[in-house]
Amino acid sequence: MARFLPRHLALPFLSTAVVVAVAGLTANPPAELRGWERSLENLMVRLRGVRRPPDRLVVVAIDDSTLQQGAWFLDQPKGQAAIPSWAQGISTLPWPRARYGDLLDRLFQSGASAVALNVVFEGPSNRGAADDAALADALRRHKGRVALAAEMLETRDHTVAGLTLVQPPTPLLQAAGPFNLGLTNTLPPTQGEPAFHPEVYSRGVLPASGADAYPSLSSTLLLRAGIHSRQRDEQRQLNFYGPEGRFERVSAWEMLDPDRWSRHPKRNRLQNAVVVVGPVVSQGGAAGTPSPYGAISGLELLATASANSMLGDGLVPWPASPLGRALLAMVPVLLVVLSVRAGMGLGLRLGLVGATLGLVVVVAFLALVQAQVWLPLLTPATGLVLLGLLYGGDAYLREEGERRRLRRTFERYVAPTVVAEILSDPAAAEGILRGRLLPVTVLFTDLKGFTQLTQQRSGSGEIELHVRQLNRYLGEMVEVVTAHGGTIDKFIGDAVMAVFGSPISRGSREEAVAALRCAQAMREALAGLNREWAEEGLVPFENGIGLASGEVIVGQIGSPRRMEFTVIGDKVNLASRLEGLTRTAGVSILCDATTAELAQGSLEIRPMGEQQVKGMGAIPVFTPAEAQAGAPLQGAGS
C-alpha cells in the first residue's frame with residue numbers, strides 16, 4: 001500500500017474501504033456470510049432465553065408413550081380381545097382414521113375452539129370404508145372447526161416439472177366444511193437461511209411457481225378459531241419459544257382413555273384452546289427441523305407458526321430492503337471513521353471502537369428481545385473489529401517507525417545496550433531529546449602536538465597516512481569509552497568528548513568512577529598503539545584527559561537541518577580546560593573536586609593543589625594515583 005499511497009493517506013483509504021465493504025456485504029452477502037449471520041442470530045436467540053408461548057395453544061402428541069401404550073395391550077394374554085376400542089390400532093403408524101375422530105370428540109367435548117390435524121389423509125383408508133366413515137362423522141359433528149392437512153408435491157415427468165396437491169378424499173373435505181384445508185409445506189431449511197413461516201411458501205413460493213396460493217395449515221387453524229394473524233406472515237421468520245416440548249403438551253393416549261382423561265389435570269386447559277394434533281415419534285437430532293435450540297418436530301413447528309401469528313411476534317429482518325440494511329450497517333462504522341481525528345491516541349481510538357461495538361450489540365439484542373426485529377449485526381461488528389485492527393496496526397507501525405528513528409538517533413551516540421534501555425520507554429526517550437538537566441561526568445581528551453604534526457605531514461604529502469593513524473586512534477578511544485558505559489558526544493578534530501550519565505545514568509558515583517577508569521584505560525590503549533606504531537616507524541601520539549562532574553543540559557541541539565545530541569554547561573568547559581592544563585601540570589589526567597569526591601573510596605585520588613583555570617580562577621584539581629606524566633612531543637599543543 002505504501003507504494004501507491006502516501007503513508008498519511010493509507011489509513012483513511014483503508015478505513016473507507018472497510019465502510020464500503022460493510023455496506024456491500026450487507027446488501028449482497030455471499031452464502032458463507034449468510035451462514036455466519038444465521039449462527040449469530042441463533043446465538044442471540046439462545047442468549048435471550050426461552051419465551052412463554054400463548055396459553056391458549058395446546059399440542060396433542062402421538063408420541064412414543066402413546067404407541068407403547070397400544071403395544072402394551074397387544075402383549076396382554078388375551079390379545080386383541082383385551083384391547084379397548086379407544087386403543088385399537090394405536091400401536092403403530094399410520095393410525096386408524098377412526099382414532100382421529102375419537103380425539104376430535106374428546107377435544108371438543110373438553111371445550112377446544114379449533115383443531116388442526118397435522119396428518120395428510122391421502123386416498124381411502126386401507127382399513128376400509130368404515131374407518132373413513134368414522135372420521136367423516138366426527139368432522140360433520142364439529143363442522144367448520146377442524147383444519148385438515150394437505151401437501152404440495154413437486155413432480156417431474158422427464159424434463160417437465162409441476163406441482164401436485166395431495167389432499168384428503170372428498171368425503172372428508174365435505175364433512176369438514178368449507179375453507180378447511182391448509183398446507184403443511186414449509187421452505188426446506190438451507191444453510192444460511194432462517195426458518196420461515198409456512199405462509200412464505202404458501203403465498204410466496206407457490207405463486208412464483210405459477211401455482212394457486214393455498215393457505216398454510218397454521219393459517220387455516222386460526223381461521224377456524226376465529227383468530228386473525230397479528231402480523232404479515234408471508235414476511236416473517238419463525239421466532240421459536242424454546243426447544244422441543246415448550247408448548248403445553250398432552251399425550252394422545254391419555255386423551256383417548258376415558259378413565260384417565262376424566263381425571264387428567266390438564267383437562268381444563270383445553271377450554272377455548274387452539275389445538276394441533278399429530279405424530280412426534282422419536283423426533284430430535286437430524287430427524288427434525290433445525291432451530292436455535294436444536295431440531296424440533298413438524299408438530300412443534302406448526303405450533304410455533306400458529307403462536308407467532310396469534311401473538312404477532314414472528315421475527316422480521318429490518319430494514320427489509322438490501323439498500324436499507326446496507327445503509328444501517330455502515331452507519332456505526334462510518335461514525336467511528338468520521339470521529340477519529342489526526343493525533344488521537346490509540347487508547348481513545350480503540351475506546352471509541354469498543355464503545356460503538358458494544359452499543360451495536362446491545363441495540364441489536366434489545367431490538368430482538370423487545371421488538372422481535374433482527375438488525376444487521378455481523379457485518380457492522382466485523383467492520384468495527386477491522387477498524388480496531390487497522391488502528392492498532394497503524395499505531396504499531398508508527399511506534400516502530402518512531403523507535404527506528406530514535407534508535408538511529410541514539411545509536412550515533414551511545415552503546416546498543418543503552419539504546420535498548422532508552423527505547424523501552426519511547427516517551428521518556430522523547431523527553432531526553434527535547435532536553436533536561438542531568439548530573440553527569442564529562443570527559444575531554446585531546447592529542448598534544450597534533451597541530452604541528454598535521455602541518456609537518458601535510459607539507460610532506462603524508463595526508464592519507466595521517467588520517468589513517470588518527471582514525472585508528474579515535475576508533476580505539478571510542479571502543480574504550482563504549483566499554484566503560486560512556487557516550488561519545490562528539491569529535492572535535494583530534495579531540496574526543498564523552499559523557500558518563502547521559503542519556504541513562506547508573507548514579508553519579510558510579511558514573512564518576514567509570515569515567516576515571518575509562519581515562520586510565522584510554523592511556524593504556526594509547527600506550528599499546530604507540531608500541532605498534534613504533535614498530536611501523538610512525539610518530540607516537542600523546543594525549544591529555546580532563547574530567548568534570550555536575551549538572552548539565554542534555555538534549556538535541558542545533559537547527560532543523562542539522563541536529564546533534566549533546567550536553568552543554570559549565571562542566572563541559574571545565575573538562576576541556578582541565579585537559580589543556582595537563583600540558584603544564586605534569587600529569588596526563590586531571591579532574592575537578594566533585595569528581596574526586598564522588599570517586600573517593602573506589603579509586604586512589606591524589607590532590608594537585610589549586611591550579612589557575614582560564615576563565616574560572618584558581619580551583620583545586622586532582623589526578624588518579626596511577627596517572628603518569630606523558631612524554632610530550634616537541635612543539636605547541638593542538
Side-chain angles (χ1 to χ4, degrees), residues 1-30 32-34 36-37 39-41 43-44 47-48 316-371 373-406 425-431 434:
M1 182 62 65
R3 296 180 180 179
F4 306 103
L5 284 175
R7 180 165 181 173
H8 69 282
L9 295 179
L11 185 61
F13 175 83
L14 292 175
S15 301
T16 303
V18 170
V19 175
V20 174
V22 166
L25 291 174
T26 305
N28 187 25
E32 294 82 359
L33 188 61
R34 290 198 300 272
W36 298 335
E37 179 84 11
S39 298
L40 181 59
E41 179 182 329
L43 174 62
M44 298 285 276
L47 290 175
R48 177 194 64 187
V316 59
W318 188 87
S321 69
L323 178 60
R325 291 180 68 80
L327 292 176
L328 181 62
M330 69 181 286
V331 164
V333 184
L334 183 60
L335 287 177
V336 170
V337 171
L338 295 178
S339 300
V340 169
R341 294 289 183 266
M344 181 182 287
L346 177 61
L348 287 176
R349 292 187 179 193
L350 294 184
L352 178 62
V353 170
T356 306
L357 178 59
L359 181 63
V360 167
V361 173
V362 169
V363 169
F365 185 74
L366 290 177
L368 177 68
V369 173
Q370 300 296 329
V373 168
W374 178 244
L375 301 177
L377 179 57
L378 179 61
T379 47
T382 303
L384 290 169
V385 171
L386 287 177
L387 282 184
L389 293 176
L390 277 179
Y391 295 149
D394 177 68
Y396 173 79
L397 292 177
R398 289 178 181 273
E399 182 177 350
E400 280 300 300
E402 185 64 15
R403 288 173 68 89
R404 286 194 296 270
R405 183 185 69 83
L406 292 174
D425 188 356
E430 282 292 348
R434 286 193 297 269

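Everything numeric here is computed off the predicted structure, so don't read it as measured data.
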Qualifying residue, where the test is side-chain contact (heavy atoms from CB on, under 4.5 Å) with Leu33 and the options are Asn28, Thr26, Leu25: Leu25
Side-chain (Arg349) to main-chain (Val340) donor-acceptor, under 3.5 angstrom: no
Residues Tyr391, Val336; criterion side-chain contact (heavy atoms from CB on, under 4.5 Å); working and verdict: CA-CA 11 Å; Tyr391 295 149; Val336 170; 4.2 Å; yes
Over all atoms of both residues, closest heavy-atom pair of Met44 and Leu368: CB-CD2, 3.7 Å
Side-chain (Arg325) to main-chain (Trp318) donor-acceptor, under 3.5 angstrom: yes
Closest approach of Ala364 to Leu375 (non-hydrogen atoms, all atoms of both residues): CA-CD1, 4.2 Å
Student check: side-chain heavy atoms of Leu390 and Leu11 closer than 4.5 Å: yes
Interatomic distance, Leu389 atom CG to Leu384 atom CG [nearest 0.5 angstrom]: 11.0 Å
Smallest separation among heavy atoms of Met330 and Ala23, with atom names: SD-CB, 3.9 Å
Spatial distance of atom CG (Leu377) from atom CD (Glu41) [nearest 0.5 Å]: 10.0 Å
Value rounded to 0.5 Å, distance of CG in Leu387 from CG in Asp394: 12.0 Å
Val18 vs Leu14 side-chain heavy atoms within contact, under 4.5 Å: no
Minimum side-chain heavy-atom gap Pro319-Leu328 below 4.5 Å: yes
Derivation and outcome, side-chain contact (heavy atoms from CB on, under 4.5 Å), residues Thr356 and Leu335: CA-CA 9 Å; Thr356 306; Leu335 287 177; over 6 Å; no
Check: Arg48 side chain, Phe365 main-chain N or O, donor-acceptor pair, under 3.5 Å: no
Minimum heavy-atom distance Pro380-Ala329, with the two atoms named: CB-O, 3.3 Å
